Amino acid sequence: MTYETLLVETRGRVGLITLNRPQALNALNRQLLDELTGVLAGFEADAGIGAIVITGSEKAFAAGADIKEMQPYGFAQAMLEDLAAGWDDVAGCRKPMIAAVSGFALGGGCELAMMCDFIIASETAKFGQPEITLGVIPGMGGTQRLTRAIGKSKAMDLCLTGRLMDAAEAERSGLVARVVAPEKLLDEALAAAEKIAGFSLTAAMMAKEAVGRAYETVLSEGMRAERRLFHALFATDDQKEGMTAFIEKRKPAFRHR
Ligand code: HXC
């Protein structure tokens with residue numbers, strides 16, 4: 001299948017999505033959202049896919065939501081269409097997702113990266129929520145996920161001044177998991193995804209779900225959720241295989257169920 005705004009391929013058990021609107025620095029328009037949600041739904045339904053990488057170009061992961069598309073909107077249209085709410089489907093993907101970010105990840109681009117489970121950045125990456133410079137605020141989770149990721153003071157700084165943060169500051173702040181040289185970015189992200197995809201799929205999905213609970217809830221509820229997911233994994237073939245392989249001093253052969 002071909003897409004107008006994305007390049008999509010599978011590499012073994014990894015699904016690789018490359019945002020592909022170079023003429024607009026991968027600005028996120030309606031069509032891109034529709035295509036992305038369709039591809040993610042397909043990957044989620046495909047037992048052969050264990051992890052997903054989302055990346056952009058060397059110059060831009062994504063320079064934000066498409067300003068030209070949003071400019072004519074009024075309040076009523078934004079509200080009636082529930083502008084930006086469709087991105088919840090991207091954030092709701094249940095399989096592990098890694099953002100491989102090079103260049104600009106601004107506004108909705110930064111927000112899309114934060115919808116992924118972790119971010120691997122090139123040394124050239126620049127993150128920011130510059131919506132204030134356009135007379136608006138982040139609308140795809142920037143004020144929420146950024147604050148949880150880097151704390152109130154830095155999130156306020158970025159959202160109120162619109163300034164950009166380089167990869168070193170982003171790593172220092174906890175927004176980014178790893179920073180690598182630009183030429184190593186995709187290999188590093190694909191290797192991480194391949195590693196995840198080699199483990200038990202149920203365990204990886206539950207690990208994602210459990211860490212996700214820490215974002216959403218108080219500690220006691222999160223602990224309860226973690227424990228139930230932990231218990232449930234003892235019903236899987238892969239738990240028997242993983243633990244038996246350890247005892248037998250061999251590599252596990254996970255069946256991803
Ligand atoms: C539409 C965009 C775009 C965007 C860049 N382009 N960003 N088009 N929406 N977000 C287009 C430009 O108009 C231009 O097209 C082409 O991409 C190249 O961009 P330039 O500006 O010429 O490149 P450069 O000088 O290198 O500057 C790069 C940049 C700048 C610093 C990233 O493009 C920029 O500031 N972009 C906007 C960043 C931003 O404000 N993002 C937040 C958006 S609001 P033409 O046709 O002119 O050559 C947002 C809200 C999300 O994300 C919430 C809800 C949905």
Side-chain angles (χ1 to χ4, degrees), residues 3-7 17-40 54-93 97 99-116 119 121-150 154-170 175-176 182 185:
Y3 301 91
E4 260 177 60
T5 66
L6 306 174
L7 300 172
I17 301 172
T18 305
L19 308 177
N20 188 35
R21 294 189 71 213
Q23 73 286 4
L25 300 183
N26 293 332
L28 308 168
N29 63 2
R30 181 76 232 176
Q31 185 183 12
L32 188 149
L33 173 60
D34 287 346
E35 292 186 352
L36 184 58
T37 47
V39 172
L40 288 175
I54 302 181
T55 194
S57 69
E58 204 176 319
K59 177 163 181 188
F61 176 74
D66 193 312
I67 299 168
K68 292 166 190 167
E69 192 176 69
M70 286 185 294
Q71 188 272 344
Y73 270 70
F75 168 74
Q77 188 185 2
M79 191 184 145
L80 293 174
E81 281 183 22
D82 210 1
L83 181 63
W87 289 92
D88 291 349
D89 291 340
V90 174
C93 176
M97 284 198 292
V101 174
S102 177
F104 296 112
L106 306 183
C110 184
E111 292 168 302
L112 171 58
M114 290 191 291
M115 286 173 208
C116 296
I119 301 173
S122 137
E123 285 154 358
T124 65
K126 286 199 164 22
F127 298 88
Q129 297 291 162
E131 288 88 344
I132 191 92
T133 67
L134 301 167
V136 290
I137 66 169
M140 289 162 50
T143 63
Q144 304 303 299
R145 292 197 178 93
L146 190 64
T147 307
R148 283 167 165 77
I150 68 176
K154 268 193 185 287
M156 284 285 192
D157 180 1
L158 293 184
C159 290
L160 288 173
T161 69
R163 81 170 172 90
L164 309 192
M165 177 160 81
D166 66 17
E169 184 181 0
L175 178 63
V176 156
L185 178 67

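Note that the structure is predicted; figures quoted are calculated from it, not measured. Just follow the structure's listing: the first ligand is 1, and inside any ligand the first atom is 1.
Not a single donor-acceptor pair under 3.5 Å links the side chain of Glu131 to the backbone N or O of Val136. Looking only at distances, no side-chain donor or acceptor of Asn20 sits under 3.5 Å from a matching main-chain atom of Leu7.
Side-chain contact between Leu112 and Phe61 is present, with heavy atoms from C-beta onward closer than 4.5 Å.
Residues forming a salt bridge (Lys or Arg N to Asp or Glu O under 4.0 Å) with Asp88 (at least two apart in sequence, or on another chain): none.
Sorted by first then second residue, the salt bridge (charged side-chain N to carboxylate O under 4.0 Å, His left out) pairs that include residues 59-79, not counting sequence neighbours, are Arg21-Asp66. Identified under the salt bridge (charged side-chain N to carboxylate O under 4.0 Å, His left out) test for residues 24-36, with sequence neighbours left out: Arg30-Asp34.
Contact shell of ligand 1 (protein heavy atoms, cutoff 4.0 Å): Gln23, Ala24, Leu25, Ala27, Lys59, Ala63, Gly64, Ala65, Asp66, Ile67, Lys68, Met70, Ala84, Phe104, Leu106, Gly107, Gly108, Glu111, Pro130, Glu131, Leu134, Gly139, Met140.
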